[in-house]
Amino acid sequence: MKKIILTIVALLSMNMANAGTGLAAPTTETKVYDMRVNYKKLSMYLGLDFDQMDAVEMIHKRFCDDMMVAANAEKDKQQELLKKAVIRDLCYMRAVLDQRQYRKYQQLLNVTLNNRGLIIKND
């Protein structure tokens, strides 16, 4: 019985020691930059036709890749890469979407970025 209790105490103390190392923080930060969406729901919200759905999916996948690059960049470069990714995404979406759809997409993106704390600072 004594061995079981000592084993449990040892396991708990090892877990507590690992919990304080801060290794989980980068994973939490990169989750904020994960912009994957359900494309079916996005297309229903924006009212996309089949051609637009394909184009929006390709553009948004590129945007997700750019956001992950920003997430893994150094802290001083993150804001610049974030701004470039958003500008590129909006520019490409502007070419594919009509004015009403683009406005809805822009609002959706702004809300998402604000909710995740990824507010773009103007220079």
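All figures in this text were calculated on a predicted structure; none of them were measured in a lab.
Scored by the side-chain contact (heavy atoms from CB on, under 4.5 Å) test, Asp49 finds Asp51, Gln52 as partners (sequence neighbours excluded). Partners of Met53 by side-chain contact (heavy atoms from CB on, under 4.5 Å), not counting sequence neighbours, listed by chain and number: Ser43, Leu48, Phe50. Taking Val69 as the reference, Leu81 meet the side-chain contact (heavy atoms from CB on, under 4.5 Å) condition, with sequence neighbours excluded.
Follow the hydrophobic side-chain contacts under 4.5 Å out from Leu108 and you reach Met93 in the same cluster. In terms of hydrophobic clustering, with Ile, Leu, Val, Met, Phe, Trp and Tyr side chains grouped at heavy-atom distances under 4.5 Å, Tyr45 and Ile59 are assigned to a common cluster.
Here the straight-line distance linking atom CG of Leu82 with atom CG of Leu113 works out to 6.5 Å at 0.5 Å rounding. Separation of atoms SG (Cys91) and NZ (Lys84) is listed at 14.5 Å; rounding is to 0.5 Å. Annotation: the span from Gln101 atom CD to Gln106 atom CD amounts to 13.5 Å, rounded to 0.5 Å. Atoms CG and CE, on Asn72 and Met67 in that order, are 11.5 Å from each other to the nearest 0.5 Å.
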Step-by-step side-chain contact (heavy atoms from CB on, under 4.5 Å) determination, Arg36 to Lys61: CA-CA 8 Å; Arg36 289 179 290 179; Lys61 283 182 180 180; over 6 Å; no
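Identified under the salt bridge (charged side-chain N to carboxylate O under 4.0 Å, His left out) test for residues 85-104, with sequence neighbours left out: Asp66-Arg88. Contacts classified as ring pair (Phe, Tyr, Trp, His ring centres under 6.0 Å) and involving residues 73-113 (residues at least two apart or in different chains) are not found. Screening residues 54-78 for ring pair (Phe, Tyr, Trp, His ring centres under 6.0 Å) gives Tyr39-His60, His60-Phe63 as the qualifying pairs, with residues at least two apart or on separate chains.
Put simply, the side chain of Leu97 reaches to within 4.5 Å of the side chain of Val56, judged on heavy atoms.
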